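I have placed the structure first, in the form of C-alpha cells, so that the comments after it can refer back to it.
On a predicted model such as this, the values are computed, not experimentally measured, just so you know. Within every chain, numbering begins at 1; the chains are lettered A, B, ... in the order of the sequence lines, protein sequences first and strands thereafter.
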2 protein chains.
Amino acid sequence: MLGSDEIVNGSEISQIRLERRDAAENRQRILYAALKLFEQYGVEQVSMNQIANEALVGPGTLYRRYRSKGELCMDLIKDNIVQLFDDIETYLRDNCSFTPSQRLKGILNLFIRFRERKAQLITGVEESSSTNSLKSRMRSPLYDELHQLLVELFDEMNATERTNFNSVFRADILLTALRSDSYLFQKDVRNYSPEMILEQLCALFILHK
Amino acid sequence: MLGSDEIVNGSEISQIRLERRDAAENRQRILYAALKLFEQYGVEQVSMNQIANEALVGPGTLYRRYRSKGELCMDLIKDNIVQLFDDIETYLRDNCSFTPSQRLKGILNLFIRFRERKAQLITGVEESSSTNSLKSRMRSPLYDELHQLLVELFDEMNATERTNFNSVFRADILLTALRSDSYLFQKDVRNYSPEMILEQLCALFILHK
DNA sequence: AGTATAAGCGGACAATGATCCACTTGTCAA
DNA sequence: TTGACAAGTGGATCATTGTCCGCTTATACT
C-alpha cells in the first residue's frame, strides 16, 4: 500500500526496477489525468475512456494497470489511508487510558473525518463494479484493517462490561453503516450531520449502564 | 403494487383499459421470458438483451416497460411482497400481546424467510443500476413500508423501556444490514445461518436488562 | 366501415466497460 | 553495439446498458 514513487526499503527498490520506464510514466500520467478529471467533474461522472484519452494512453493500457475505476481511486487514496492508520495509531497511543468505548468513538471520529475529506474517491472505490462482486466486496485492505481494530475494541468492551456480544458481527454491521451508500443516505436523505451519525452509531454499539 | 392481471377494484379496471392489448401481451411475454431465464441461469447472469430476445420484443420495447433489470425483478416479486406484508399483519394481530422486542424478532424472522425464498430476485432489485443511484437507493416501497413498521416498533420499545434511542436511524441501520450485499456477506463469507443472523441482529437492537 | 390519433414498436445507434492480439519498446547480457 | 525477449502498447472489437425516431398498430369516435 505504499506509493511506488516512495523508496522506503530494499524490497521497494527492487519493485521499482521491475517496472519499465515507459510503464511507470504511463501510470503517472494515468493517475494525474484521473485526479484532474475527478476534481473537475466528480468521480462518478468520469469514464475510464475519458481517463485514457486524457492520459494519452490506449484503453488496453489503462485496464492492464487498473481493472476498474475503483482500483484507480484506491491508488489515489492509498497515501491518505496510510495517514489514517497513522492517525489512529497515534490516537490510541496518546489515549491508552481511555475506556474501549471512548477509544471506539475516537477511532470512528477519525474515520468519519477521513471519509468526509475523501468522500468521492472512497465512494469510487466502494461503488466500482469490479470491487463490487457479491462475494469479494467489503474485503478491501481498508475494510480488513478497520475490521480488525473494531473487533479488538469490541472484545475489550465485552471483557470490561462482562458481556458476550459477537464482535465480528458487530464490526461488520458497523462498517456496513459507514459505507458510501449508507453513509450518504444518512447525510443527504435523512439530513444527519457527520457528528450526529457518529453519536447515533455510538448509541447503538456502546452499552450505557 | 398489485398485479395488473388481478382485478380488485374499479381503479384497477380503468388501468387495464389504458393498456393496449399488444402492450399487455408483450409485457406478459417479457415477464415470462425473464422468469424462465432467471430460473435457468440466475438473475445476475441474464442480460436485458437476452430477455428481449427470448420475449421476441425489441430492446426499445423492453426498456420502455422496465427501466432496468431491477424494476423487472420488482414486478416479478410484487405478489410475494404483498404476501409478506399480509403475513406480517397476521403475525402482529395474532401476537399483539407480545412485547415490542418479541414482535420485532417475529417480523425480522418473516422478512428473512422471505429473503431466503426470493434471494436472487431481491438481489436483482437491490443491485440494479437504476435503483442504485446514490440518492434514490433504499427508497423502494418495500423499504419504506418495512422502515415504517420498524420505526413504530422501536418507538414502542423506547416507551416501554424508558429509553430514548433514535428509531429512524436504527431502522435504517437494521435495514442496511438486511440488504443483499450485507446479508450475503454474512451468509457466504462469515458462514452465518439465517437463524444466527437473526439472533445477532436482535442482540444488537434489543436491550437485554 | 373509415378515420384520426395516441400508444407502442424495433432496431440502429451511442456510451461505457472491458478484452485481446499483433505490434512496439525497454532492458539486459554478450 | 547488437540481439533476444519479455514487458508493454493501442485500438479494433465485443458485450451490455440504454436512447430515440420513423414507422406501425390498437382504439375510440363518427
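In this structure, A:Lys69 atom NZ and C:dA18 atom C1' are separated by 14 Å, rounded to whole Å. Computed from coordinates, the A:Ile30 CD1 to D:dT9 C1' distance equals 11 Å when rounded to whole Å. Between the CZ atom of A:Arg20 and the P atom of C:dC28 there is a distance of 11 Å, given to the nearest Å. Residue B:Asp22 contributes atom CG, which lies 12 Å from atom C1' of C:dA6 at whole-angstrom precision. D:dG11 atom P lies 12 Å from atom CG of A:Asn49, rounded to whole Å. Rounded to an integer number of Å, the gap from OH of A:Tyr66 to P of C:dT19 is 17 Å. If you measure from atom CE of A:Met48 to atom C1' of D:dT16, you get 17 Å, rounded to the nearest angstrom. If you take CG of B:Leu56 and C1' of C:dC9, they are 14 Å apart, rounded to a whole angstrom.
Counting only heavy atoms from C-beta on, A:Tyr63 has its side chain closest to C:dT19 among C:dT19, C:dG8, D:dT17. Nearest to the side chain of B:Pro59, among C:dT25, C:dC9, C:dA12, sits C:dA12.
Ring pair B:His147/B:Tyr143 is parallel by interplanar angle, where below 30° counts as parallel and above 60° as perpendicular. Aromatic ring orientation, B:Phe98 versus B:Tyr91: perpendicular (interplanar angle above 60°, classes split at 30° and 60°).
Backbone-only contact: B:Ser47 has heavy atoms under 4.0 Å from sugar-phosphate atoms and none from a base.
Residue-to-nucleotide contacts include a donor-acceptor pair under 3.5 Å from the side chain of A:Arg64 to the base of D:dG10.
A cation-pi arrangement, defined by a distance under 6.0 Å to the six-membered ring centre and an angle within 45 degrees of its axis, is present between B:Arg115 and B:Tyr183.
Residue A:Gln50 is the one, among A:Thr61 and A:Gln50, whose nearest nucleotide of DNA chain C lies closer to the 5' end (criterion: closest heavy atom).
Salt-bridge formation is not detected for the pair B:Glu25/B:Arg20: no Lys NZ or Arg NE/NH1/NH2 atom is positioned less than 4.0 Å from an Asp or Glu carboxylate oxygen.
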For a salt bridge (charged side-chain N to carboxylate O under 4.0 Å, His left out) check, start with the C-alpha distance between B:Arg65 and B:Glu19, then their side-chain angles and the critical distance, and finish with the verdict. CA-CA 11 Å; B:Arg65 174 58 63 183; B:Glu19 184 176 49; 2.7 Å; yes
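Residue B:Asn26 has a polar side-chain atom (N or O) positioned under 4.0 Å from OP1 or OP2 of C:dC9. Distances shorter than 4.0 Å separate some side-chain N or O of B:Arg21 from OP1 or OP2 on D:dT27.
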